[in-house]
Amino acid sequence: MGLTAWLGYAAALAGACALSNYVVKQVAREYVKKVQGRRPLFASAYRGFMRKVVRTHPVIGFACVALLSVHAGLAVTSGTISVTGMFAGVTTLATASLGAYGLYRVRRPAGAWIHFHRGSALVLAAAVAAHVSNKVHLFLS
């Protein structure tokens with residue numbers, strides 16, 4: 001496995017870590033809120049963990065885009081591109097753009113943009129899974 005593949009897997013891992021932001025918040029809403037009276041130390045520790053995940057979410061999203069850029073650049077330079085990879089890349093850029101719009105322009109997690117951001121993240125997860133499992137290559141000559 002070459003450098004291009006490793007960078008692709010690193011970008012996918014960064015995307016999965018960024019997607020964990022939603023999962024961590026959902027666990028806090030569904031579970032931690034119910035047990036906070038019985039297990040205050042657990043609830044406090046989980047909230048601290050959640051705070052770190054939420055704060056690093058934009059940085060991890062940026063790292064995902066940076067890794068994707070290098071991965072795609074190396075793939076194009078080698079003369080091979082993938083249709084599923086292009087779709088996953090465009091979806092990554094759309095998701096990150098919506099996140100940046102919310103972070104820097106709107107500055108609060110409310111409104112239609114957050115639903116589009118979350119929806120595009122789910123589409124991105126499916127696109128990355130499709131890209132990893134089935135690469136449809138186009139050869140540049």
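Residues: numbered from 1 along the sequence shown.
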In one Ile/Leu/Val/Met/Phe/Trp/Tyr side-chain cluster, 4.5 Å: [X], [Y]:
X    : Y   : answer
V53  : I60 : no
L3   : L67 : yes
L74  : W6  : no
V65  : V59 : no
L103 : V54 : no

If I compare all heavy atoms of [X] with all of [Y], which pair ends up nearest, and what's the gap?
X    : Y    : result
A11  : L68  : CB-N, 3.9 Å
Y22  : R118 : CD1-NE, 4.1 Å
V128 : A12  : CG1-CB, 3.9 Å
G99  : H117 : N-ND1, 3.4 Å
V24  : Y46  : O-OH, 3.0 Å
K25  : M50  : CA-SD, 4.0 Å

Main-chain N/O of A121 paired with T91 side-chain donor or acceptor, under 3.5 Å:
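Not a single qualifying donor-acceptor pair exists.
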Is it the case that the side chain of S133 and the backbone of A129 share a donor-acceptor pair, with hydrogens and angles ignored and the cut-off at 3.5 Å?
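It does hold such a pair.
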So Y31 and F42, side chain to side chain contact (heavy atoms under 4.5 Å, CB included) or not? Walk me through it.
CA-CA 11 Å; Y31 178 71; F42 171 75; 3.7 Å; yes
Do [X] and [Y] have side chains that get closer than 4.5 Å, going by heavy atoms?
X   : Y    : answer
L13 : Y9   : no
I81 : H137 : no
F87 : V123 : yes
S78 : T4   : no

Calculate, to the nearest 0.5 Å, the distance between atoms [atom1] and [atom2] belonging to [X] and [Y] respectively.
X    : Y    : atom1 : atom2 : result
M86  : H131 : CE    : NE2   : 10.5 Å
L124 : L93  : CG    : CG    : 10.0 Å
H57  : S20  : NE2   : OG    : 8.5 Å
T92  : H71  : OG1   : NE2   : 9.5 Å

Suppose we screen for side chain to side chain donor-acceptor pair (under 3.5 Å). Which residues come up paired with S120, at least two apart in sequence or across chains?
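Counting only residues at least two positions away or on another chain, S120 forms a side chain to side chain donor-acceptor pair (under 3.5 Å) with T95.
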Would you say CZ of R107 has more than 12 non-hydrogen atoms from neighbouring residues, nucleotides or ligands within 6.0 angstrom?
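No, not enclosed.
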